[in-house]
4 protein chains.
Amino acid sequence: MSRPQDLAKRNRILDAALQIFGEVGYAKATIKDIARVADIAPGTVYTYFADKRELFRETVQSAWTELHTELDRIRRSDDSYPTKLSRLRRTGLALLKRMHPILNGMFSESVRMDLFNVNLERFLDQLEELFMESRERGEIHELQDHRQRRFLLRTIACGLLLQISIVDAEHLDAEIERLHEDLERNEQSWLDMNRMLGGNR
Amino acid sequence: MSRPQDLAKRNRILDAALQIFGEVGYAKATIKDIARVADIAPGTVYTYFADKRELFRETVQSAWTELHTELDRIRRSDDSYPTKLSRLRRTGLALLKRMHPILNGMFSESVRMDLFNVNLERFLDQLEELFMESRERGEIHELQDHRQRRFLLRTIACGLLLQISIVDAEHLDAEIERLHEDLERNEQSWLDMNRMLGGNR
Amino acid sequence: MSRPQDLAKRNRILDAALQIFGEVGYAKATIKDIARVADIAPGTVYTYFADKRELFRETVQSAWTELHTELDRIRRSDDSYPTKLSRLRRTGLALLKRMHPILNGMFSESVRMDLFNVNLERFLDQLEELFMESRERGEIHELQDHRQRRFLLRTIACGLLLQISIVDAEHLDAEIERLHEDLERNEQSWLDMNRMLGGNR
Amino acid sequence: MSRPQDLAKRNRILDAALQIFGEVGYAKATIKDIARVADIAPGTVYTYFADKRELFRETVQSAWTELHTELDRIRRSDDSYPTKLSRLRRTGLALLKRMHPILNGMFSESVRMDLFNVNLERFLDQLEELFMESRERGEIHELQDHRQRRFLLRTIACGLLLQISIVDAEHLDAEIERLHEDLERNEQSWLDMNRMLGGNR
DNA sequence: CATGAATGAGCGTTCATTCAT
DNA sequence: AATGAATGAACGCTCATTCAT
């Protein structure tokens with residue numbers, strides 16, 4: 001079955017889905033509500049998506065894909081390591097902010113649909129690539145062994161994800177700002193410590 | 001409406017709810033299934049809990065309360081700081097393991113019911129108390145300022161929570177074991193670094 | 001899942017189903033309409049029947065079962081062969097009359113659910129038993145070989161079934177009466193011919 | 001609304017309708033599927049037929065019309081009575097075979113749309129015409145009075161129709177063959193008996 | 001207090017039909 | 001005349017909740 005080409009309408013549906021899934025979670029979100037927000041008839045949703053599951057899947061996956069793409073772009077840039085970290089921080093938090101509505105309701109269904117683990121590991125892989133490349137350029141020293149690093153990366157990534165997801169919309173901007181600063185200061189500590197320990201070697 | 005006194009039956013319902021909510025998530029869990037597992041009639045659930053929301057609320061809160069109680073006990077013990085850290089690690093992961101079934105399906109509803117933030121902050125408060133007390137006894141030096149520490153604690157706590165919640169039951173034991181080791185090694189690094197930097201002062 | 005014991009209500013639902021399935025056919029019959037006729041809430045239907053298919057199945061099968069039972073009773077009676085034929089005619093047509101509402105809409109779904117062939121063959125088997133027994137008692141001579149007889153029995157049975165099913169309710173009584181007479185006269189011809197040919201042997 | 005002149009396309013739609021109605025029955029057949037098989041857009045169906053009901057009506061009627069035409073041709077031929085019977089048998093069963101897909105799902109809708117009775121009676125009328133003419137030519141003797149004969153004809157016609165309709169596609173050829181033989185043997189018995197009784201007069 | 005049958009609002013989904021292109 | 005995306009009413013079915021027993 002071929003899908004119509006009206007990408008604008010498809011995106012209106014995805015935006016509406018993002019909003020509604022975010023507001024009430026997957027199970028309580030209704031196609032009728034999503035259609036109402038997208039300003040179309042309920043039946044039209046099924047012209048663009050096979051069923052509720054696929055709509056959710058596409059909604060979530062589009063956010064992950066954006067993250068992967070951005071991280072890839074940062075990695076391939078000519079920026080210095082600290083600049084890359086800074087860009088990553090800004091990009092990641094901006095995406096989290098945009099995805100905030102859905103984060104809260106997405107974990108359980110994402111996991112059930114196997115959308116979470118695959119994307120998380122892919123994200124971590126790219127992050128490690130970035131570190132490897134920077135180390136090869138002599139921009140950083142290694143602090144931990146592979147496993148330890150992976151553990152910390154995963155834990156921090158999950159930690160940020162969950163922290164954003166539990167903020168209510170009202171305080172979202174302030175929280176993002178706070179995390180931004182905290183991450184920046186933390187990075188500075190790491191860079192300092194890295195330099196210090198690197199110098200000690 | 002006054003509540004009946006049969007606490008044994010109330011707990012049977014809570015256990016059944018923990019199991020069913022965990023297996024299928026809040027939205028897909030049915031009162032009928034919970035009642036069947038608790039070996040009572042569906043209507044009886046409403047003698048002990050006002051509605052499905054309250055049943056979920058009580059189910060989740062009982063797990064948190066257990067965590068708070070355990071952490072309090074550890075804090076008040078006479079153990080050394082490394083021992084306390086070790087006990088905390090073991091206790092926390094054991095509870096996470098027991099709560100695993102429900103973790104996956106609980107975030108969105110927990111947040112919506114404001115069960116998450118309050119309990120998380122209370123947990124972090126206790127954790128900080130533990131650090132303060134240990135520092136006062138000269139067992140540790142401070143590495144970061146209050147805010148930085150809070151950020152790291154919250155991020156790591158959330159990170160562990162989310163990591164456990166996305167593991168499927170089959171790999172749960174292996175994952176718990178892995179996290180246990182990773183945390184232990186990480187703690188050792190911190191202790192080493194703490195000692196090193198402390199010595200520098 | 002055990003079913004409640006309120007047989008009166010179950011039968012009210014079956015009667016309503018008979019009426020509605022008969023009026024509009026399986027596909028266009030709605031659970032809501034059946035529930036309305038049975039004077040219950042739509043959901044209640046699902047307390048007594050698993051789904052629409054099972055409700056239809058039970059509705060149709062109950063009629064066939066009644067026919068099998070009646071034919072069995074006639075066979076085992078002490079009546080003479082002509083009396084048995086007469087009783088069979090009356091019983092069969094009476095049942096067809098009662099089932100008339102559903103006949104029209106039932107063929108296609110019955111066949112799809114494999115309700116038709118099995119019951120038809122069972123009916124024909126019993127009919128043949130009746131002939132065999134009567135022949136053993138010397139009440140009839142055989143006119144045709146087994147296959148020819150089976151063919152005629154099946155064709156006539158199907159023919160009567162279809163004829164009744166295509167009569168509209170308004171003319172049902174007259175049609176039943178007409179078929180009754182026609183069958184009676186036909187039987188008489190057969191008996192005459194049987195006697196004639198029997199006498200010739 | 002005037003109808004377009006593209007008869008080839010109209011027939012493609014009718015053929016597709018015959019196939020789809022036959023495969024799944026009236027209610028489950030969709031205009032989209034019929035359009036897909038006919039290789040046109042769904043909307044185009046409504047250029048040639050007012051709605052789904054009319055499309056079904058035309059589909060079924062075209063089959064009946066074919067039967068009437070064929071029977072008429074046989075009647076008007078110069079063949080002898082036994083040859084005519086034989087041709088009728090062959091023609092009828094061949095048409096039933098071709099119509100098999102639709103038979104199963106058509107009774108209820110056909111009756112509801114009053115397509116069945118009229119065509120059946122017209123078919124029986126033609127059949128009787130054939131007998132009358134053959135009797136006038138002295139080819140057969142009469143066995144029964146008008147009413148008795150009409151009853152038997154109608155019953156056997158309906159019986160054959162229903163028997164074919166309940167055969168699944170897989171066994172259709174074998175069943176047609178079987179009915180062919182049974183009818184032939186039965187006709188022979190009738191002819192024999194007719195001759196015997198005729199000779200007695 | 002316990003029961004469990006009854007309730008009925010509301011879900012995801014389908015599809016005959018329309019109509020702007 | 002042909003298209004096919006859009007429509008929205010209506011379906012089968014679920015299940016939190018109630019209440020007569």
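Reminder, nothing fancy here: chain letters follow the sequence lines and each chain counts from 1.
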Would you say the side chain of [Y] lies within less than 4.5 Å of the side chain of [X], judging by non-hydrogen atoms?
{"X": "D:F49", "Y": "D:L14", "answer": "yes"}
{"X": "C:L172", "Y": "C:I164", "answer": "yes"}
{"X": "D:L120", "Y": "C:I166", "answer": "yes"}
{"X": "D:D6", "Y": "D:Y48", "answer": "yes"}
{"X": "C:F116", "Y": "C:L161", "answer": "yes"}
{"X": "C:N119", "Y": "C:T65", "answer": "no"}

Check: In chain order, what residues pass the salt bridge (charged side-chain N to carboxylate O under 4.0 Å, His left out) check against C:R36, with sequence neighbours excluded?
Finding: C:D33
Check: A:R10: what forms a salt bridge (charged side-chain N to carboxylate O under 4.0 Å, His left out) with it, not counting sequence neighbours?
Finding: A:E58
Check: Has D:K52 got its NZ or CZ under 6.0 Å from the middle of the six-membered ring of D:F21, at an angle within 45 degrees of the ring axis?
Finding: no
Note to self: Assuming nearest nucleotide by heavy-atom distance, tell me which of C:I40 and B:I40 is located more 5' along DNA chain E.
What the structure shows: B:I40
Checklist line | Which atom of B:A17 lies closest to which atom of B:I34, heavy atoms considered | finding: N-CG2, 3.8 Å
Checklist line | Close residues, residues 9-20 of chain A, relative to DNA chain F [heavy-atom separation under 4.0 Å] | finding: A:K9
Roughly how many Å is it from [atom1] in [X] to [atom2] in [N], rounded to a whole number?
{"X": "D:E54", "N": "E:dA16", "atom1": "CD", "atom2": "P", "answer": "15 Å"}
{"X": "A:I34", "N": "E:dT13", "atom1": "CD1", "atom2": "P", "answer": "11 Å"}
{"X": "C:R36", "N": "F:dA10", "atom1": "CZ", "atom2": "P", "answer": "14 Å"}

Next item on the list: Can you run through DNA chain F from 5' to 3' and write each base as (, ), [, ], | or . depending on how it pairs? Watson-Crick or G-U wobble, both distances under 3.5 Å.
Entry: .||||||||||||||||||||
Margin query: Whether C:Y48 contacts E:dA5 is assessed here as follows: a side-chain N or O lying under 4.0 Å from the phosphate OP1 or OP2. Is that the case?
Written below: no
Check: For C:K28, which residues count as a side chain to side chain donor-acceptor pair (under 3.5 Å) partner, sequence neighbours excluded?
Finding: D:E109
Next item on the list: Encode nucleotides 15-21 of chain F as B, S and - characters from 5' to 3', where the letter depends on protein heavy atoms closer than 4.0 Å: B to the base, S only to sugar-phosphate, - to neither.
Entry: SSBB---
